[in-house]
Amino acid sequence: MELRFTEAELNFRQEVRDFLAAECPAETRAHMIAGKSPTKAMVVEWQRKLNARGWAAPEWPVEHGGPGWSPAQKYIFREELQMWPAPSPLGFNINMCGPVIIEFGTEEQKKRFLPRMRNLDDWWCQGFSEPGAGSDLAGLKTKAVLENGEWVINGQKTWTTLAQHADWIFVLARTDPAAKKQEGISFFLVDMKSPGITVRPIITIEGGHEVNEVFFDDVRVPADHLVGEVNKGWDCAKFLLGNERFGQARVGASRERIRRLKMIAKETLDGGRPLIEDPEFRRQMTEMEIELKALEMTVMRVIANETKRAGTGKPDPATSVLKIKGTEIQQGVSELLMKAAGPYAWVDGDPDAEGSNDWDVAPDWAFGLAGIYFNWRKQSIYGGSNEIQRNIMAKAFLGL
Amino acid sequence: MELRFTEAELNFRQEVRDFLAAECPAETRAHMIAGKSPTKAMVVEWQRKLNARGWAAPEWPVEHGGPGWSPAQKYIFREELQMWPAPSPLGFNINMCGPVIIEFGTEEQKKRFLPRMRNLDDWWCQGFSEPGAGSDLAGLKTKAVLENGEWVINGQKTWTTLAQHADWIFVLARTDPAAKKQEGISFFLVDMKSPGITVRPIITIEGGHEVNEVFFDDVRVPADHLVGEVNKGWDCAKFLLGNERFGQARVGASRERIRRLKMIAKETLDGGRPLIEDPEFRRQMTEMEIELKALEMTVMRVIANETKRAGTGKPDPATSVLKIKGTEIQQGVSELLMKAAGPYAWVDGDPDAEGSNDWDVAPDWAFGLAGIYFNWRKQSIYGGSNEIQRNIMAKAFLGL
Amino acid sequence: MDFDLNESQSLLQDSIRKTLTAKYGFENRKAYMASETGWSREMWAQYAELGLLGLPFAEEDGGFGGGPEETMLVAEQMGRHITLEPWFSTVVLGGGFLRHGADTALRQEMVEGVAAGETLLAFAQTERQSRYDLFDVQTTAKKDGAGWVITGRKGMVLHGDTADHFFVTARVSGASRDKGGIGVFVVPATADGVSVRGFRTVDGQRAAEVDFTGARATHVLGDAEGGLPLVDRVVDEAIAVLAAEAIGAMDVVHAMTLDYMKTRQQFGRAIGSFQALQHKAADMLVAIEQSRSMAYFATMAAQGSDAAERRRNMHAVKAQIGRSQRLVGQQSIQLHGGIAMTMEYAAGHYFKRLTVNEAMFGDTDHHLRALADAGGLVQAA
Amino acid sequence: MDFDLNESQSLLQDSIRKTLTAKYGFENRKAYMASETGWSREMWAQYAELGLLGLPFAEEDGGFGGGPEETMLVAEQMGRHITLEPWFSTVVLGGGFLRHGADTALRQEMVEGVAAGETLLAFAQTERQSRYDLFDVQTTAKKDGAGWVITGRKGMVLHGDTADHFFVTARVSGASRDKGGIGVFVVPATADGVSVRGFRTVDGQRAAEVDFTGARATHVLGDAEGGLPLVDRVVDEAIAVLAAEAIGAMDVVHAMTLDYMKTRQQFGRAIGSFQALQHKAADMLVAIEQSRSMAYFATMAAQGSDAAERRRNMHAVKAQIGRSQRLVGQQSIQLHGGIAMTMEYAAGHYFKRLTVNEAMFGDTDHHLRALADAGGLVQAA
């Protein structure tokens, strides 16, 4: 039993920090500290810097350009980026579609897509959810029919994150309408420039454009853009979702937000004194900190078990904690940030946006805090709602 | 719309307070302030004083010795007794079995039992729950068979509160084994001195003897001790349980406990200062107070609706709040009481008991506080657990 | 005790309900929000016609003599439609100052215009450092001849961008957080030295930051150095109104959630058939019913003559309903899932309004602490 | 990072597990509790035989040189059986003072007896006014010739009724709540001026109130006016042990709850098939897994050399596990229903132990506040 990081791991952490200090653009960092999502240009610029350093695809095998890191190094890297904060390697490319192609794709597909993914020459997006298939993803209705050696896709996807930036989309579609639910689904790679694709923005309640509807109207896809076997796309989907071990724990991101919260709470007056001196506010913040510390240790336990469990397919009960607690902490901190700003959190909009309000009306740090609170309600909904997580836990770990 | 008590109601409140001041024995009051259940002698003495005043059976019709109060007066009476605190009229007699006999009983039964119930000449207890029939009461298995003009009862009841004090028990037993669940059940009045009845104590986790198992072994019951029609006992049970509108709100009792809590929090030091000055402790206490105030108003709404809804059989959604919130508040306050006592809450036992510990080892007010906390976990379990309440709400009020 | 409406109250409720149901659907509301003022002049005229704008004023002042119960009914309906018009700022806040603080002359000057929908009012109170403390005032009022000139910056002035007159708290004497030395002054929006920067709030309302630079007040309400009790009284009434608005909004978003649960299918069943979700919906009902009780209590308690007791009660109201509305808002989103995260669906807008309503005139933590510091509601033994 | 046991740790865990499984069933425990001492002398001898009592002491002192990880394993098993013997007071608390505070002579004098199960120790700390503050000491130590005499009353001394020696905090100088001026003294139970009143605690353990009236100490540990850092260190280690005990108890009561849910039938189904109850059981698992993580952290952090950081970390441990164990304890009762409310069923006893464990050396609120006052775990930006 050894509950500490090794010397080498601590050195690696410093190496990552040094890289961030040297290479992450100050503008990107400031933008993210203010609570805003990095722009497309920021993400692309950063991903290419990571790629130049060989760090663009932490989870990939070395032969495909991965850095060959241990689970602990991957963890350190992920958390340090979140804490800085800097953009993470683009999830659609690196954590979702890339690993599926590596696992199930042809040599041709690997050669064609993986290097461009790593360098963000292509921005990918995910075509899974549909209006009638959310928690019940296998209920999807989009269908693909083989005609003259090409697949013809018709249907509608929704909640497609950042489809407006995307060059490619990976799509689950039903290829055997007669088969049972999970069977008869296939996994396709589709060029977003294909005729018949329409992207329609969904504006979320805080006013942001993050997700989209994507319509497929007789979209033709070459036969070699199918990944794995026909009608076995559910295997790809399960594999992809199963890779999401740590994605929603976001320990580093929460730590960064708590730092921000403490800064704001020092600047805000409450009862004539800095808010951070209010015992009740401090208690609420401290509760987040203790759960975050426990979550950090939980992540480490899962990491330490990774190698051992590899191949057994037996998930660690601690894994299921990561989504629930990770999102609870993030939502809790976003609520505290909004509360800390008091009445000034109510100012709508983005101070940098064209034709926006005159942004002298509230302190700089107050902007967007309510928006983040509203937007982050999504965290307990997407990626398998926290209720679905509890169902899974009851079945998989509790035997109920 | 008139959201206040009338002058007459306020005068009535004063009348009740004057009566309590004049008649409720100081020893009984002190005993209850210390958090202990009143002894049998205390309950009997007080019930007889109430009966002498004509207040023993607030819910009964005047013809059977009820005081003829309005719903508001009943509320005021109930809450003032709890707040004093003084024992409430014995629920088994006055709120449970009495009303059933009044509604379903024969003239003979009324004459024989009601006056003795009112004066607590007979102490009643409730024979409903069984080991396999808790939340699912209609799953009961105790059976009664008619033999030579007498019913013969066999079976086992459990959670029978204060059966050790009881002269009589009202019992649900299955009289038609072929009928469907709720059908084929009858309601019996059984003398506890009948041969074949065995009472076995159940000691609860805090060490108290409050509930019992009651075994029926060929217990013979005269035919005229059946209430209502044969096989229609479920109607009596439903009626009885439906009378439990306010029983678990216990607003007055919670207010009394909060007063006690404030007293203790003034005497206890925390961080070298009275605990009541600690902001976090005060916040927790205040949260109880605000929910209690809302609950008090909710009770009043239900009362105000009583007359209007009488006969429609349509329950007020606010009613379902009373059990859930009432028990949450009581449990919350009991937790705060224990916490306030700090390490001294850990001393086990009753300072008045024979051969008990030397009770100088902790401040007087600390005794039994952990025990009450442990014991009161029952509140969200019995009388239809809070989960069952939510099921009922979902069906009856939410249409889910 | 009687929680039923009398006949005239029922008529009042019906008339608002019908009007808003007909003209304040979700699509209407979007159009109103997109308009130049950010709310509907047409609806405002309707409110005037229905008598809502003059409702709480005495008949001799040109009003209809409605009491707090009538205002509660209006507020609940406004909450049900999360309306955008400046009813709260003009009739409740401005109207509160007129009713409780203005002399006959000022009432005669303004009430008629308010009742007719011609005069809009706003309360300029919040300052950068004040957060939720009504007595934390740095804006100054200086005697200048027979009148007063006001200097200072007020933020988050609800509907400050369309107001004709501001009721402004300003300090005549004492230090920033002294409870004495504060007056309530009336400053027309057209006065020299008034500059207004309007913006939208996250729940779709309008607000403004207002600078007063030696702006001349037309009136002072009562004692220029003893205005705080008046502010407290007006705000306590406003808290009762916010409570009723919250009830209306919670009722609607809860019903919307239940409807969705009954229709939305996942795993071949309506999601409303899942027990874990049923229990969450039941917990929302518990919170709403407790809040409804508290809103009744608020309407009664806001009229209390003992200012300290009244404040304690209103702290309790704000804290209890605050907790409830946060739970109801968050759970309504959670139970809907993704759909409620979109601008095109109504639930999110209710959630946003409930969020702002919770924090207005002090959030849950603020009032919980204030009540705790004041000794709570239950007297110690 | 490696959370796996090495071979000797696995052997240790197996040996305790086997012994306790065989000899510490629920019925055994009841019998031990009903015995004269309130715990089992036989089990105590077994612990000695297994090497548990000498485990954490250095080999040169007569111990087995076990580290904090080994102690954690023992504590977890003790928690799984909610044992009654004075292991915590003798080995963890008393042992902690011996390891960190005693000179070679005292260690030589006592460790062997402790390891052999012949010497029992207790920590006399709590006073009426002190609540959970280790530095709030009014008991006095006065120099008398070459030694010290102790006067004062100590309450809630765990296993004080069977202890052979007390480690007593007493004030040599300064005011009641000064952090300086406190020493840790060793007083034999047989010394003149020591009087002990034993009692049972609500979770079935034994404790005592102990009066010292001019009782002569046999030793003082280190600096007689600078003993608080030693107390802090010993208590921080004890907190890590309490954490591991809580994990053991939570694991068992959770498993017991799941078993019951699978067998108990209501409405014709196992109650474990109801989704709302499944979700509660899942929430318990989340809490337990988070606590398990925190218990590992505790074992590591309690060894920290920076006392301020170590204290902050232990505050976090106590607060996080405290919240979790309250939830797990309460929910295990709720999910069982009535059966768990009875003395004859084990779950209630776990609930009671978890309740006392939560408050020992400071309850959740205490540590949450202490951590908040110390600036939390995350550095501000």
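Naming convention: chains lettered A, B, ... in sequence-line order (proteins, then strands); numbering from 1 in each chain.
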Looking at D/Arg292, D/Arg369, D/Met261, which makes the most heavy-atom pairs under 4.5 Å with chain A?
-> D/Arg292
Side chain, backbone, both or neither of D/Met284 within contact of chain A (heavy atoms, under 4.5 Å) = neither
Contact part of A/Glu287 toward chain D, heavy-atom cut-off under 4.5 Å: side chain, backbone, both or neither?
-> both
Going by heavy atoms in the side chains, are D/Gln290 and A/Lys325 under 4.5 Å from each other?
-> yes
Please look at D/Gln9 and chain A and tell me whether the side chain, the backbone, both or neither of the residue comes under 4.5 angstrom of a heavy atom of that chain.
-> side chain
Side chain, backbone, both or neither: which part of D/Arg323 has a heavy atom under 4.5 Å from chain A?
-> side chain
Is it the backbone or the side chain of A/Glu387 that comes under 4.5 Å from a heavy atom of chain D, or both, or neither?
-> both
Which portion of A/Met393 sits near chain D, non-hydrogen atoms under 4.5 angstrom | side chain
Give, as side chain, backbone, both or neither, the part of A/Ile324 having an atom under 4.5 angstrom from any heavy atom of chain D.
-> side chain
Which region of D/His254, side chain (C-beta onward) or backbone (N, CA, C, O), has a non-hydrogen atom less than 4.5 Å from a non-hydrogen atom of chain A, or is it both or neither?
-> side chain
So which part of D/Asp373 gets closer than 4.5 Å to some heavy atom of chain A, the side chain, the backbone, both or neither?
-> both
Minimal non-hydrogen separation, A/Arg301 against D/Ser293, with atom names = NH1-OG, 2.9 Å
Measure distances from D/Gln275 to the heavy atoms of chain A and classify the residue's part below 4.5 Å as side chain, backbone, both or neither.
-> side chain
